[in-house]
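In what follows, chains carry the letters A, B, and so on, assigned in the order in which the sequence lines appear, proteins first and then strands, with residues in each chain numbered from 1.
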2 protein chains.
Amino acid sequence: MEKEKIDKKDHILDVAEKVFSELGFDGASTRMISGEAGVNMAMLNYYFGSKEGLFIAVFERKITSFQDILQNIGNDESMSSWDKMDAYIEIYGNKVVSNNCFQKLLYQEMGMNRRTDISDKLRSILMINVGEVKKILLEGIAKGEFKKDIDVEMAIATIYGTKNFIINTPLMSTPMLGYDIQDEKVMDEQLKPRIKAYMKNLLKAYILN
Amino acid sequence: MEKEKIDKKDHILDVAEKVFSELGFDGASTRMISGEAGVNMAMLNYYFGSKEGLFIAVFERKITSFQDILQNIGNDESMSSWDKMDAYIEIYGNKVVSNNCFQKLLYQEMGMNRRTDISDKLRSILMINVGEVKKILLEGIAKGEFKKDIDVEMAIATIYGTKNFIINTPLMSTPMLGYDIQDEKVMDEQLKPRIKAYMKNLLKAYILN
DNA sequence: CAAAATTAATCAAACGATTGATTGATTATA
DNA sequence: TATAATCAATCAATCGTTTGATTAATTTTG
């Protein structure tokens, strides 16, 4: 049945996402993934063509939801530039914290220099979001709403970097913040509001007049 | 000769550091490293016992220089808290940008969940620096020099995170910043002063009264 | 509607390639 | 000459992938 087939593929992608994010692309073997998913090893190639195809499929499943997060915000004429930044941080904070497993995998792979076809694909997608944030910041500067001497690119690096540090380096962020980053409930109830509030205050202090 | 042997081992470690940081532990093969270093494959095992031994040796070579970066600053009674932060950013910016290859490898490894013996060692060393920065920030708050409602831990995450994003994700940071992150000369002449100036301005706006 | 034909899904087994590591012989050094 | 360094060759293990056979599902046909 078509429905069950999709469910099975989805289940494989769930497992693959988890195993990849824990061990990286090379560290995760097809035997391990198929074993943990409870399917025959050949099924991975049958469904996804290759290990790399499976890897890409993991990303493509999530990609769509990331692409049009900002579309609406950026083009809203009625919002002030700061309200747009505020709205972006809000959405970004929600999306990112609840997809931390995937986020880790994403930026882990972006750090590698090989497989430029995959990395390039991921980069071009992420750069769309970067472009949207940049547009908001530049608009705010042009309207005189933001300071005119802010380092736009660095500010963007701070937004993504602060989040990445917390998500990708739990060995440091967990003892730093005082609660377990891996714990989903803690993430949602404590980290999410905290990182949102902090990010808004930090940016407010740096970019607002 | 003892001297040449050390030089050769050092050369292997240089190459290994570079290849590991580009491809990760699993992605880098011993054949690749030995080939690029211009030595026989068996030499790696002869000198370092195993691939993992080589990996550890890469870290242990650098570890010592990381341990005493901050000691002097923190205990200087004559400096204001902000001057200490300023001095730290200055030193950190220099150290980090010129060791970007190793930094990338370091935080790549910190993100992985396996080989906990290495990761734990690295973490405990890095956490010393974190503790020193935290001390400066708390001191500034206590003295009324800094705002009392700043999120200390998040601010530290921003310092490390912003740097890491630029260093570890050159595929994004290079097009964002408009110049090649991999280029050593560019790093030194353009990125280093820029990241220092930005970091100081950002923190000044967020923590200073 | 039921039997036959076709397609899709699943599996155990094996493939060639590559991995990290080791060997025993050879060369250089002290 | 004895010790250290270097090498080509080879090891077993694991990798991702493919195969050919088998079962399940779907479609076609009489």
Side-chain angles (χ1 to χ4, degrees), chain A residues 1-60 105 108-109 112-119, chain B residues 1-60 105 108-109 112-115 117-118:
Chain A
M1 293 169 196
E2 185 64 16
K3 191 61 179 300
E4 282 183 8
K5 177 188 159 190
I6 292 176
D7 284 351
K8 177 169 283 188
K9 285 180 79 169
D10 236 53
H11 176 240
I12 293 175
L13 289 173
D14 284 336
V15 173
E17 183 180 318
K18 181 173 139 276
V19 177
F20 275 137
S21 74
E22 282 172 354
L23 303 172
F25 180 81
D26 295 299
S29 73
T30 54
R31 281 170 177 79
M32 195 180 301
I33 295 171
S34 61
E36 195 150 329
V39 301
N40 189 279
M41 219 176 46
M43 290 286 91
L44 302 190
N45 295 69
Y46 181 72
Y47 281 134
F48 306 102
S50 66
K51 183 187 185 182
E52 187 164 312
L54 171 61
F55 192 71
I56 293 175
V58 169
F59 283 102
E60 284 186 336
L105 173 58
Q108 193 175 280
E109 186 56 29
M112 299 283 192
N113 282 3
R114 78 207 131 141
R115 288 194 299 282
T116 52
D117 47 334
I118 300 181
S119 304
Chain B
M1 293 174 189
E2 185 64 15
K3 191 62 179 296
E4 281 183 9
K5 177 188 160 189
I6 292 177
D7 286 350
K8 178 170 280 189
K9 285 180 80 169
D10 236 52
H11 176 241
I12 293 175
L13 288 173
D14 284 337
V15 173
E17 183 179 315
K18 179 174 141 277
V19 178
F20 276 137
S21 76
E22 282 173 354
L23 303 172
F25 181 81
D26 296 301
S29 73
T30 55
R31 281 171 176 78
M32 194 181 301
I33 295 171
S34 63
E36 195 149 328
V39 301
N40 189 280
M41 216 178 51
M43 289 286 90
L44 303 190
N45 293 303
Y46 181 71
Y47 281 135
F48 306 101
S50 67
K51 184 186 183 182
E52 186 162 315
L54 171 61
F55 191 70
I56 294 175
V58 169
F59 282 103
E60 285 185 338
L105 176 58
Q108 193 175 278
E109 177 58 26
M112 295 286 192
N113 285 0
R114 75 209 135 143
R115 288 192 299 282
D117 47 333
I118 301 180

**Close side-chain approach of B:Glu109 and B:Phe20, heavy atoms under 4.5 Å** = no
**Message:** Without decimals, in angstroms, what is the distance between A:Leu23 CG and D:dG16 P?
**Reply:** 11 Å
**Asked** With a 4.5 Å heavy-atom cut-off, do B:Tyr47 and B:Lys8 have their side chains touching?
**Response** yes
**Asked** Any side-chain N or O of A:Asn40 less than 4.0 Å from the OP1 or OP2 oxygen of C:dA12?
**Response** yes
**Asked** Between C:dA21, D:dC15, D:dT18, which nucleotide gets closest to the side-chain atoms of A:Arg31?
**Response** D:dC15
**Message:** If I take atom CG in residue B:Asp26 and atom C1' in nucleotide D:dT14, what distance separates them, rounded to the nearest angstrom?
**Reply:** 12 Å
**Item:** Interatomic distance, A:Asn45 CG vs D:dC15 P [rounded to whole Å]
**Value:** 14 Å
**Asked** To the side chain of B:Met41, which of D:dT17, C:dT19, D:dA9 is closest?
**Response** D:dA9
**Item:** A:Phe55 CZ to D:dG16 C1', straight-line distance once rounded to whole Å
**Value:** 15 Å
**Prompt:** Between C:dA21, C:dT23, D:dT17, which one does the side chain of B:Ala42 approach most closely?
**Reply:** C:dT23
**Message:** Please check this pair: side chain of B:Lys51 against backbone of B:Phe25, looking for a donor-acceptor N/O pair closer than 3.5 Å.
**Reply:** yes
**Request:** Write down the atom of A:Met41, the atom of A:Thr30, and the distance for their closest heavy-atom approach.
**Result:** CG-O, 4.1 Å
**Proximal nucleotide (of C:dA13, C:dA12, C:dT10) relative to the A:Met43 side chain** = C:dT10
**Message:** Can you tell me if B:Tyr46 touches the phosphate of C:dA21, counting only side-chain N or O atoms and a distance under 4.0 Å to OP1 or OP2?
**Reply:** no
**Asked** Taking OP1 and OP2 of D:dA5, is either one under 4.0 Å from a side-chain nitrogen or oxygen of B:Lys8?
**Response** no
**Request:** Report yes or no: is the cationic atom of A:Lys9 (NZ for Lys, CZ for Arg) under 6.0 Å from the centre of the six-membered ring of A:Phe48, at an angle within 45° of the ring normal?
**Result:** yes
**Prompt:** Does D:dG16 have OP1 or OP2 sitting under 4.0 Å from an N or O in the side chain of A:Thr30?
**Reply:** yes
**Item:** Rounded interatomic separation in angstrom, taking CD1 from B:Ile12 and P from D:dA5
**Value:** 11 Å
**Message:** Quick check for you: among D:dT17, C:dT10, D:dC7, whose closest atom lies nearest to any side-chain atom of A:Tyr47?
**Reply:** C:dT10
**Asked** Rounded to the Å, how far apart are A:Met32 CE and D:dA13 C1'?
**Response** 14 Å
**Spacing between B:Leu44 atom CG and D:dA5 atom P, to the nearest angstrom** = 15 Å
**Prompt:** Whole-Å distance between C:dT19 P and B:Lys51 NZ?
**Reply:** 9 Å
